[in-house]
Each structure stands twice: as C-alpha cells, then as structure tokens.
Undergrad: 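Got a structure for you, written out below as structure tokens; questions coming shortly.
Below, each value reflects all heavy atoms present in this structure, side chains not excepted, and no hydrogens, waters or symmetry copies. Order of appearance sets the numbers: ligands from 1, and atoms from 1 within every ligand.
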Amino acid sequence: MQYSEKVMDHFMNPRNVGEIEDASGVGTVGNAKCGDIMKVYLKIEDGVVLDAKFKTFGCGAAVATSSMATEMIKGKTIQEAMEITNKAVMEALDGLPPIKVHCSCLAEEALHAALWDYAEKNGIVIEGLKKPVNDISEHEEVPEEDY
Ligand code: FES
C-alpha cells in the first residue's frame, strides 16, 4: 500500500513543528519497539487549545500524524480534543498502511500526555483521560509481527 497524498504532504511539509516556550501542557511519549519519540506542546486558555506544536523523532507516518493531530487540536475545547483519536487522525490523512497504524497511536497518546500535564498543573480532572504511558509499546494491541 502506498501512502496517501495527504500523508506525503504532512510528512514533507509538517505543520506546527517546534516548541511552545510557555506551554500549558507538555507530553512526551515513545515507542520502545521502533525507538520513535514524540513530544507535544499545548497552549490552553479558558479551556480552549489555542496552539499546538510538536517535535517528533520518528518515522514518516509519525511525523505526518503529529502534524495532522496538532492541526486538528487547535481551536478545540478540551473535551473536543479528547475526541481526536488515532483513528480520527488516520481518517483525516486518508488512511495509513496497516503496518503504520501504531505510529498514529503515538500521536494520540502524546496529545493525551500533554492534556494530562495541563490537568495536573491546574488541578483539574479531564473526563475520560487516562494517565499516559511513557512507552506505548507496552500497552499496544498491535501484534508483534506488524512491526
Ligand atoms: Fe515508530 Fe512509526 S515506526 S512511530
């Protein structure tokens, strides 16, 4: 399977690369199996995500999904941001090859980790948000042979 045009576009011209100095929440998640790491910065004010940036040390699909995920989360309320699943990001990218699905999980988890950090710093509870893991490979349902 080939990568979609959207995946290629977000890989070649990733949006929102960088960091936010006074970020409201920062999340770092890795996958020990492939060695990829993603860091997401969110700027949140009055319950709305005003800005999102990322740094990804990872494969093309990880870069493309972080780019799309940070685009999707901007302007969203925290509850809306919770609905940005890896599936939603993949759909927005017109799909990923099955072997690359786990890369999109990294993006979802990194967003959640940044939201968790924000919640902790502000002493709030975000409904439906689970404590993030540092290494998603330990919790993945993706079978080993898919790597
Ligand atoms: Fe690790 Fe894609 S191969 S995130």
Side-chain angles (χ1 to χ4, degrees), residues 1-44 48-121 126-147:
M1 184 180 161
Q2 288 287 317
Y3 287 114
S4 73
E5 266 174 41
K6 278 193 192 157
V7 172
M8 287 311 291
D9 178 33
H10 278 264
F11 170 56
M12 305 290 256
N13 312 290
R15 330 296 199 261
N16 313 313
V17 175
E19 43 189 285
I20 299 173
E21 261 183 39
D22 54 345
S24 322
V26 183
T28 308
V29 177
N31 183 332
K33 279 194 190 139
C34 61
D36 292 354
I37 300 168
M38 194 180 289
K39 190 165 184 179
V40 166
Y41 303 77
L42 297 178
K43 176 96 185 140
I44 301 171
V48 177
V49 180
L50 297 184
D51 200 9
K53 293 233 183 300
F54 78 90
K55 281 198 200 156
T56 292
F57 179 81
C59 72
V63 171
T65 48
S66 352
S67 169
M68 182 54 96
T70 47
E71 278 292 272
M72 287 167 78
I73 202 171
K74 281 195 280 184
K76 298 270 196 305
T77 64
I78 291 172
Q79 275 313 317
E80 287 167 347
M82 287 294 298
E83 285 157 27
I84 304 175
T85 58
N86 75 302
K87 205 164 162 268
V89 175
M90 279 197 299
E91 271 165 21
L93 285 169
D94 294 335
L96 279 174
I99 197 168
K100 290 273 139 190
V101 170
H102 75 278
C103 315
S104 63
C105 297
L106 202 57
E108 176 185 322
E109 203 58 25
L111 290 186
H112 286 177
L115 288 170
W116 181 271
D117 182 44
Y118 166 75
E120 273 206 324
K121 281 183 180 145
I126 297 175
E127 209 182 313
L129 184 63
K130 293 200 200 81
K131 192 169 176 10
V133 294
N134 292 329
D135 173 9
I136 64 165
S137 71
E138 290 167 13
H139 298 259
E140 262 179 333
E141 291 136 31
V142 184
E144 194 88 355
E145 56 273 17
D146 278 4
Y147 283 85

Undergrad: To check you understand the geometry: which heavy-atom pair defines the closest contact between Leu115 and Met82, and what is its length?
TA: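 The pair with the smallest heavy-atom distance is CD1-SD, 4.0 Å.
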Undergrad: Please find the pair of heavy atoms, one from Phe54 and one from Val63, that lie closest to each other, and give the distance.
TA: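 Here Phe54 and Val63 meet closest at CZ-O, 3.9 Å.
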Undergrad: Which atoms of ligand 1 are found less than 4.0 Å from any heavy atom of Cys59?
TA: 2 (Fe), 3 (S), 4 (S)
Undergrad: Could you tell me if Thr70 and Asn16 have a donor-acceptor pair between their side chains, going purely by distance under 3.5 Å?
TA: yes
Undergrad: How many angstroms lie between atom CG of Leu106 and atom CD of Glu109, to the nearest 0.5 angstrom?
TA: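 These two atoms lie 8.5 Å from each other.
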Undergrad: Of all the atoms in ligand 1, which lie at a distance below 4.0 Å from a heavy atom belonging to Ala62?
TA: 4 (S)
Undergrad: State whether Cys103 contributes an N/O/S atom found under 2.8 Å from atom 2 (Fe) of ligand 1.
TA: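 Checking Cys103: at least one N, O or S atom is under 2.8 Å.
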Undergrad: Can you name the atoms of ligand 1, numbered from 1 with element, that are less than 4.0 Å from a heavy atom of Lys100?
TA: 2 (Fe), 3 (S)
Undergrad: Of all the atoms in ligand 1, which lie at a distance below 4.0 Å from a heavy atom belonging to Cys34?
TA: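 Under 4.0 Å from Cys34, ligand 1 has these atoms: 1 (Fe), 3 (S), 4 (S).
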Undergrad: Kindly check if the number of other-residue, nucleotide or ligand heavy atoms within 6.0 Å of NZ (Lys121) is above 12?
TA: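 For Lys121, atom NZ is crowded (more than 12 foreign heavy atoms under 6.0 Å).
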Undergrad: Determine yes or no for a side-chain-to-main-chain donor-acceptor pair under 3.5 angstrom, with Asn31 supplying the side chain and Ile136 the backbone.
TA: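 Such a contact is absent between Asn31 side chain and Ile136 backbone.
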Undergrad: Going by heavy atoms, is Lys33 under 4.0 Å from ligand 1?
TA: no
Undergrad: Considering only N, O or S atoms, which atom of Asp36 is nearest to atom 1 (Fe) of ligand 1?
TA: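 That would be atom OD2.
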Undergrad: Does His102 have a heavy atom less than 4.0 Å from any atom of ligand 1?
TA: yes
